[in-house]
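Okay, so here's the structure we're looking at.
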Amino acid sequence: MRRILIADDHILIRSGLRQILTNEFPSAIIEEASDAEELLKKVLSQHWDLVITDISMPGKSGLEILKEIKLYDPTIPVLVLSMFPEEQYAIRALTTGASGYLNKMSAPDEIVKAINQISLGKKYITPGLAEQLANNLRNDQDKELHESLSTREFEIFKLLANGKSVSEIAEQISLSPSTISTYRSRIMVKMNLHTNADLIFYCIGHKLV
């Protein structure tokens, strides 16, 4: 009997996914987690045939949790379902260990198709992501500056670009303001930027916001 764990901090998203899964896999056991801590606790305490998780949840980021899940059991298939476009996080998710990446606006049929393919031990790659992966084979010197950021740095980079203050970011991702300030300084050095305005203009120019 298939066991599926859905992790998202929005109850409407979890309910919608549960309905899709129940319709398609009526015999499946489906459970939910509302934040990163609950997700990791359930993964470590029970067996799952599939985990579907968001990237942005209270506590640790979804990609950090994905890394911990894969360290615990590399065989657990994980489908990342996020509000962020593929070009921003999909490759990061796949290299961290995800079996697939879909935007939350994806049609139910595509979600089911992804689940079926991942359940066979395969990766689910959309045509858009396949093109992105092909483009990613270019030489390192051609990469954009933001591609040099770590997953956590990129997360904070995006939050800064969306106008969040250091204290707001600290509260959102459960880190201290001083830690966020350190990340901000590191990001500015890597990106050769000097102010938040520079950062916002960069994001607008590269269609990251």
Side-chain angles (χ1 to χ4, degrees), residues 3-10 13-14 17 31-104 111 114-115 117-126 129 132-133 136 140 143-160 164 169-176 179-180 182-184 186-187 190-191 208:
R3 293 176 53 84
I4 303 174
L5 178 60
I6 301 169
D8 197 290
D9 58 325
H10 295 97
I13 297 294
R14 298 200 307 272
L17 279 172
E31 292 193 24
E32 303 175 13
S34 60
D35 57 38
E37 183 179 354
E38 185 180 8
L39 166 60
L40 189 59
K41 183 178 179 180
K42 288 193 172 184
V43 166
L44 297 180
S45 62
Q46 303 175 55
H47 165 76
W48 302 101
D49 297 300
L50 175 68
V51 172
I52 303 175
T53 183
D54 189 8
I55 284 179
S56 297
M57 292 188 293
K60 294 182 179 180
S61 74
L63 293 186
E64 282 187 300
I65 291 297
L66 173 59
K67 187 181 297 184
E68 293 189 38
I69 289 173
K70 287 298 177 175
L71 285 173
Y72 169 70
D73 185 351
T75 68
I76 298 178
V78 179
L79 172 62
V80 174
L81 195 63
S82 172
M83 62 177 285
F84 296 111
E86 285 183 341
E87 60 268 22
Q88 295 185 18
Y89 275 105
I91 291 179
R92 292 175 185 269
L94 290 175
T95 55
T96 304
S99 297
Y101 184 101
L102 284 176
N103 187 275
K104 286 183 179 179
I111 295 174
I115 291 171
Q117 186 156 323
I118 289 170
S119 297
L120 295 174
K122 301 178 181 180
K123 300 283 188 182
Y124 184 76
I125 308 293
T126 65
L129 180 52
Q132 187 181 351
L133 287 167
N136 218 45
D140 286 345
K143 287 187 176 181
E144 300 287 0
L145 287 173
H146 66 270
E147 295 182 72
S148 67
L149 300 178
S150 70
T151 296
R152 178 60 91 182
E153 289 169 348
F154 187 68
E155 179 185 17
I156 293 171
F157 169 73
K158 288 287 302 301
L159 291 170
L160 288 168
K164 297 283 188 180
I169 295 171
E171 182 177 356
Q172 181 171 331
I173 63 177
S174 301
L175 291 175
S176 70
T179 299
I180 300 300
T182 299
Y183 271 114
R184 181 187 178 280
R186 191 182 305 163
I187 290 165
K190 284 188 175 183
M191 301 284 295
L208 296 174

Residue list, side chain to side chain contact (heavy atoms under 4.5 Å, CB included) with Thr95, at least two apart or on another chain: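 Counting only residues at least two positions away or on another chain, Thr95 forms a side chain to side chain contact (heavy atoms under 4.5 Å, CB included) with Ile91.
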Return the set of residues passing side chain to side chain contact (heavy atoms under 4.5 Å, CB included) with Glu153 (not counting sequence neighbours), or none when no residue passes.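 For Glu153, the residues satisfying side chain to side chain contact (heavy atoms under 4.5 Å, CB included) (neighbours in sequence not counted) are Leu149, Ser150, Tyr183, Arg186, Ile187, Lys190.
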Arg14: partners by salt bridge (Lys or Arg N to Asp or Glu O under 4.0 Å), with sequence neighbours left out: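 If we apply the salt bridge (Lys or Arg N to Asp or Glu O under 4.0 Å) test to Arg14, skipping adjacent residues, the hits are Glu32.
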With Lys42 via salt bridge (Lys or Arg N to Asp or Glu O under 4.0 Å) - residues at least two apart: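 Residues passing salt bridge (Lys or Arg N to Asp or Glu O under 4.0 Å) with Lys42: Glu31, Glu38.
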Quick one: does any side-chain atom of Asp9 pair with a main-chain N or O of Ser34 as donor and acceptor, under 3.5 Å?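 Here the side-chain-to-backbone pair does not exist.
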Is the backbone N or O of Gln117 less than 3.5 Å from a side-chain atom of Lys123, with the two atoms forming a donor-acceptor pair by type?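 No: the side chain of Lys123 does not pair with the backbone of Gln117.
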Which heavy atom in [X] sits nearest to a heavy atom in [Y], and how many Å separate them?
X      : Y      : result
Ser176 : Ala170 : C-CB, 3.9 Å
Leu63  : Ala93  : CD2-CA, 3.8 Å
Ala98  : Leu66  : N-CD2, 3.7 Å

Drop me the distance from [X]'s [atom1] to [Y]'s [atom2], to the nearest 0.5 angstrom.
X      : Y      : atom1 : atom2 : result
Ile169 : Ile180 : CD1   : CD1   : 6.0 Å
Thr151 : Lys67  : OG1   : NZ    : 6.0 Å
Asp49  : Ile118 : CG    : CD1   : 13.0 Å
Ile69  : Leu5   : CD1   : CG    : 8.0 Å
Asp8   : Asp35  : CG    : CG    : 11.0 Å
Leu159 : Glu155 : CG    : CD    : 6.0 Å

Restricting to pairs with a member in residues 92-102, which pass salt bridge (Lys or Arg N to Asp or Glu O under 4.0 Å), not counting sequence neighbours?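 Sorted pair list comes back empty.
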Listed by chain and number, what are the ring-ring contact (aromatic ring centres under 6.0 Å, His included) partners of Phe84, not counting sequence neighbours?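 For Phe84, the residues satisfying ring-ring contact (aromatic ring centres under 6.0 Å, His included) (neighbours in sequence not counted) are Tyr89.
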Set of side-chain hydrogen bond (donor to acceptor under 3.5 Å, both in side chains) partners for [X], sequence neighbours left out:
X      : value
Lys164 : none
Glu86  : Thr126
Glu37  : none
Asp73  : Thr75

For Gln46, I'd like to know if atom CD has over 12 heavy atoms of other residues, nucleotides or ligands within 6.0 Å.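 Check passes, neighbour count above 12.
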If you apply the rule side-chain contact (heavy atoms from CB on, under 4.5 Å), what do you find for Ile13 with Ile6, and how did you get there? CA-CA 9 Å; Ile13 297 294; Ile6 301 169; over 6 Å; no
Show me, pair by pair, the donor-acceptor contacts under 3.5 angstrom made by side chains of residues 50-57, not counting sequence neighbours?
residue	atom	partner	partner atom	Å
Asp54	OD2	Lys104	NZ	3.1

Which residue pairs pass the ring pair (Phe, Tyr, Trp, His ring centres under 6.0 Å) test with at least one member in residues 44-79, sequence neighbours excluded?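 As it turns out, there is no ring pair (Phe, Tyr, Trp, His ring centres under 6.0 Å) pair with a partner in residues 44-79 once direct neighbours are skipped.
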